[in-house]
Amino acid sequence: MVTPFGVVRREWQLRWQCRRLLRELDVSAPLDVRELCHRLGEARGRPIELYPYPIEVPGPFGLWFRLRDRDAIFFQQEDVAWHQDHIILHELGHVLGEHPSDAEVFDPATSAIRQNPPAGLDWDVAEDEHRRRRSCYDDRYEREAELHATIIQEWGSVLTTAPLVSEEPAVQRISASLSHHQGWR
């Protein structure tokens, strides 16, 4: 049984891990999710490829496939940009959490992607046995992936807000003390 304290501690650990990762990858505002994936792929020595795809609704919003030499993230192409970013970050949460596959669950979206892969995807169906899909938050891995996405998007949105700029030392001190966020540091 997970106690509320355990859940809070896990969230605190995820927040710390995300901050450390973004600092190490030298991610700055405004947050560019595609650039984050590129940098993370380089750092891991395992590229992360992103594919907008017409995923059938209702169904998962995104899917992560751990392929032999790279990771592929599919996300709903018929969605607004900010939600696409959140879907990608959620799937990235599965990557970062090294979550186990849910390949035993039948998924029409996976079948559709296998039958009609996007142009440019060199994909051997035998290599996609490890995958996660985003459709609900009924297990620990889905909640953790969603928390990763929320933390990163939250920090990115706070970083993107325009700071108060002034030459006055008193205004600078007040602005600094009221600014609860000083980047990923």
Task: Minimum side-chain heavy-atom gap R46-R66 below 4.5 Å - done: yes
- [ ] Identify, with sequence neighbours excluded, every residue that meets side chain to side chain donor-acceptor pair (under 3.5 Å) alongside E144.
- [x] R10, H99
- [ ] State, yes or no, whether a side-chain contact exists between E146 and R143 at a heavy-atom distance under 4.5 Å.
- [x] no
Task: T150 OG1 to L89 CG distance, which is reported to the nearest 0.5 Å - done: 9.0 Å
TODO: Not counting sequence neighbours, list each pair that qualifies as a ring-ring contact (aromatic ring centres under 6.0 Å, His included) and has a residue in residues 18-52.
DONE: Y51-F74
TODO: Heavy atoms only: give me the nearest A112-Y53 pair and the separation to one decimal.
DONE: O-OH, 3.1 Å
TODO: Determine which pairs satisfy salt bridge (Lys or Arg N to Asp or Glu O under 4.0 Å) with at least one residue from residues 72-81, sequence neighbours left out, and list them in order.
DONE: none
Task: Separation of L31 CG from Q153 CD (nearest 0.5 Å) - done: 7.5 Å
- [ ] Kindly write out the residues that satisfy side chain to side chain donor-acceptor pair (under 3.5 Å) with R39, not counting sequence neighbours, or none if the list is empty.
- [x] E35
- [ ] Please answer whether the main-chain N or O of I55 pairs with a side-chain N or O of Q76 as donor and acceptor at a distance below 3.5 Å.
- [x] yes
Open item on the list: Between L36 and I152, is the side-chain contact (heavy atoms from CB on, under 4.5 Å) condition met? List the steps.
Closed with: CA-CA 10 Å; L36 170 62; I152 294 171; 4.1 Å; yes
Task: Under 4.5 Å side-chain linkage, directly or through intermediates, the cluster mates of W16 - done: none
- [ ] Only counting residues at least two apart or in another chain, list the ones meeting side chain to side chain contact (heavy atoms under 4.5 Å, CB included) with L40.
- [x] L21, L25, R44, I48, L92, L96
- [ ] Check I87 against G62 and note the closest heavy-atom contact, atom names and distance.
- [x] CG2-CA, 3.7 Å
Task: Polar contact flag, side-chain donor to acceptor under 3.5 angstrom, H90-H94 - done: yes
- [ ] Can you measure from CG (L147) to CZ (R15) and round to the nearest 0.5 angstrom?
- [x] 6.5 Å
Task: 4.5 Å side-chain heavy-atom contact, E91 and I88 - done: no
TODO: List in chain and number order the residues that pass side chain to side chain contact (heavy atoms under 4.5 Å, CB included) with P52, two or more places apart in sequence or in another chain; answer none if no residue qualifies.
DONE: F75, Q77
- [ ] Any pair with a residue in residues 48-64 that passes salt bridge (Lys or Arg N to Asp or Glu O under 4.0 Å), sequence neighbours left out, goes on the list, sorted by first then second residue, please.
- [x] E49-R70
